[in-house]
*Asks:* 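If you scroll down you'll find the structure; I have some questions about it.
We name chains A, B, ... by the order of the sequence lines, and we start the count at 1 in each one.
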Amino acid sequence: MDMYDAKQLYDRLKVSEREDETLDLDARLRAMNGPLLAWYEEHARILPWRENPEGYRVWISEIMLQQTRVEAVKPYFERFLEALPDVASLASVEDDRLMKLWEGLGYYNRARNLKKAAGVIMEEYGGKMPEQYEDLLKLPGIGSYTAGAVSSIAFGHPVPAVDGNVLRVISRVTASREDILKASTKKWMETHLRETMPRDRASHFNQGLIEIGAIVCVPNGQPHCAECPLESICLAKRHNLMGEIPVKTPPKKRRLEDKTVCILECGDQVGLNKRDDSGLLASLYELPNREGHLTPEEIPEAFGLDPGEIVELEPVGPAKHIFSHVEWHMTGYRVRLKHGIPKSYIAAGKEELKTTYALPNAFGRYTKMIE
DNA sequence: AATTCGGGGAA
DNA sequence: TTCCCAGAATT
């Protein structure tokens, strides 16, 4: 290639880039549709909830997947569906059984809202899953993302499903520096995608965007642009902005809390509390605990124990548990009692601990010591 | 608009 | 450690 040809090629490329740069936003988004669908239908992962995407299954999976990784959901999904195979069984499930099915998955209000919504579906929709975005949006636990996901994936309706993956992918494709944590940014994206998405292939379009975000256009470090079907139309890639986009406001610091946890034992029985029905870990069971780090001498009074009933009081070491916004620094004691668990606690058999009572993982360091 | 809700895997 | 995940409800 001589100098002249090279220059001509370069000039043509510049022109085409300039045209591309000035592509209308909606035109750029529309340009994604073809490559995205083709890529998804080739590369979609095989996942349990994709096997038979009917309304109830898609709903349950989408709730479980809120702020929760695919790998964490897998073992819960099939077990949950086997125990509660339809809306009717979910609407009438016992609370403790429901929480036991959700134990360890976190964000326990999701499970409570699931049951509430099932009640509404029984009452208002004759037990049949609603298809429309606006109807789904009214159900407890369903926001704009989940309403879009269920309506499009299970029923094929052309509504967007904008989650964290989609926010990242679209921000990069359009080189948007809007803060993706702002509600207005998500709203903006939903409005545009609703216009530009392929109306007859909403399910694969939405899942394709999510899949790109999860597998290719990843956060934390370099995205895998070489494998991306959107590489040629992505403005972040063109300007090498993958490290700067998406823009996210930094989170604030966690609050620290000191706690003292007691394993109250008497023979085969262990003392439990039921937590308050609102706030952190609402209505789950827990090992008895108090604020602050207590000395052995402070234990009997703090936990309402008769000193004469205490056979053994053994420190069992510290533990830390990190939530999103709180951090527990725990110290623990194992207390063996002579004549039984005090009435102020729930006396649970050690086997029931595994089968009946839902305990959050925050106490795992201590519950593992009960055998 | 900002906080509160869990838990874990990966960088 | 920090980040962030197929977000939603409440304040």
*Asks:* Is the shortest side-chain N to carboxylate O distance from A:Arg334 to A:Glu312 below 4.0 Å?
*Replies:* no
*Asks:* Below 4.0 angstrom, N of the basic side chain to O of the carboxylate: do A:Arg112 and A:Asp95 qualify?
*Replies:*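 No, A:Arg112 and A:Asp95 are not salt-bridged.
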*Asks:* Rounded to the nearest angstrom, tell me the gap between atom CG in A:Asp163 and atom C1' in C:dA6.
*Replies:* 5 Å
*Asks:* Could you please name the option among C:dC5, B:dG8, C:dA6 that lies closest to any side-chain atom of A:Asn361?
*Replies:* B:dG8
*Asks:* Output the single nucleotide from C:dC4, B:dC5, B:dT4 whose closest atom is nearest the side chain of A:Lys252.
*Replies:* B:dT4
*Asks:* Rounding to an integer number of Å, can you tell me how far A:Gln222 CD sits from B:dA10 P?
*Replies:* 19 Å
*Asks:* Side chain of A:Lys320 only, heavy atoms from C-beta on: which candidate in C:dT1, C:dA6, B:dG7 is closest?
*Replies:*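 Minimum distance to the A:Lys320 side chain belongs to C:dT1.
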*Asks:* Which is true for A:Tyr107 with a 4.0 Å heavy-atom rule: it touches a base, it touches only sugar-phosphate, or it touches nothing?
*Replies:* base
*Asks:* Starting at NZ of A:Lys182 and ending at C1' of B:dA2, how long is that distance when rounded to a whole Å?
*Replies:*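 Going from A:Lys182 (NZ) to B:dA2 (C1'), I get 13 Å.
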*Asks:* May I ask you to evaluate whether A:Asn165 reaches the phosphate of C:dA6, defined as a side-chain N or O under 4.0 Å from OP1 or OP2?
*Replies:*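 Yes.
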*Asks:* Looking at the side chain of A:Gln66, which of C:dC5, C:dA6, C:dA8 is the nearest nucleotide?
*Replies:*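 Shortest atom-to-atom distance from the side chain points to C:dA8.
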*Asks:* Taking the six-membered ring of A:Phe323 (Phe, Tyr or Trp), confirm whether the NZ or CZ of A:Arg254 is under 6.0 Å from its centre and within 45° of its axis.
*Replies:*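 Not flagged: A:Arg254 not positioned over aromatic ring of A:Phe323.
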*Asks:* With sugar-phosphate meaning primed atoms plus P, OP1 and OP2, does A:Asn109 contact a base, only sugar-phosphate, or nothing at under 4.0 Å between heavy atoms?
*Replies:*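 Touches nothing.
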*Asks:* Describe the nucleic acid contact of A:Leu105 in one word from base, sugar-phosphate, nothing, applying a heavy-atom distance below 4.0 Å.
*Replies:* base
*Asks:* Taking A:Tyr40 as the fixed residue, which of A:Gln207, A:Glu211, A:His204 is the one that meets the side-chain hydrogen bond (donor to acceptor under 3.5 Å, both in side chains) rule?
*Replies:* A:Gln207
*Asks:* Please check this pair: side chain of A:Glu298 against backbone of A:Thr295, looking for a donor-acceptor N/O pair closer than 3.5 Å.
*Replies:* yes
*Asks:* Could you tell me whether A:Gly213 contacts a base, only the sugar-phosphate backbone, or nothing, with contacts defined as non-hydrogen atoms closer than 4.0 Å?
*Replies:* nothing
*Asks:* Regarding A:Trp102, tell me which of base, sugar-phosphate or nothing describes its non-hydrogen contacts under 4.0 Å with the strands shown.
*Replies:*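 A:Trp102: no heavy atom of the nucleic acid under 4.0 Å.
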*Asks:* I'd like to know whether NZ of A:Lys274 has more than 12 heavy-atom contacts from other residues, nucleotides or ligands below 6.0 angstrom.
*Replies:* yes
*Asks:* Select one nucleotide: of C:dA6, C:dC4, B:dG7, the one nearest the side-chain heavy atoms of A:Asn220.
*Replies:* C:dC4
*Asks:* So which nucleotide from C:dC4, C:dA8, C:dA6 ends up closest to the side chain of A:Lys186?
*Replies:*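 So the nucleotide nearest the side chain must be C:dA8.
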*Asks:* Given the structure, check if the side chain of A:Arg69 and the base of C:dC4 hold any donor-acceptor pair shorter than 3.5 Å.
*Replies:*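 For A:Arg69, whose side chain was compared with the base of C:dC4, there is a donor-acceptor pair (under 3.5 Å).
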*Asks:* Base, sugar-phosphate, or nothing: which does A:Thr146 touch, judged by heavy atoms less than 4.0 Å apart?
*Replies:*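 Sugar-phosphate: the residue A:Thr146, judged by heavy atoms under 4.0 Å, touches backbone atoms but no base.
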*Asks:* Taking only the side-chain heavy atoms of A:Pro360 (C-beta and beyond), determine which of C:dA6, B:dG7, B:dC5 contains the nearest atom.
*Replies:* B:dG7
*Asks:* Just how far, in rounded Å, is C1' of C:dA8 from CG of A:Leu181?
*Replies:* 14 Å
*Asks:* Would you mind telling me which of C:dA8, C:dC4, B:dT4 lies closest to the side-chain atoms of A:His325?
*Replies:*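 Nearest to the side chain of A:His325 among the choices is B:dT4.
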*Asks:* Between A:Arg110 (CZ) and B:dG7 (C1'), how many Å, whole number?
*Replies:* 9 Å
*Asks:* Considering every strand and a 4.0 Å limit on heavy-atom distances, what is the contact class for A:Arg168: base, sugar-phosphate, or nothing?
*Replies:*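 Touches sugar-phosphate only.
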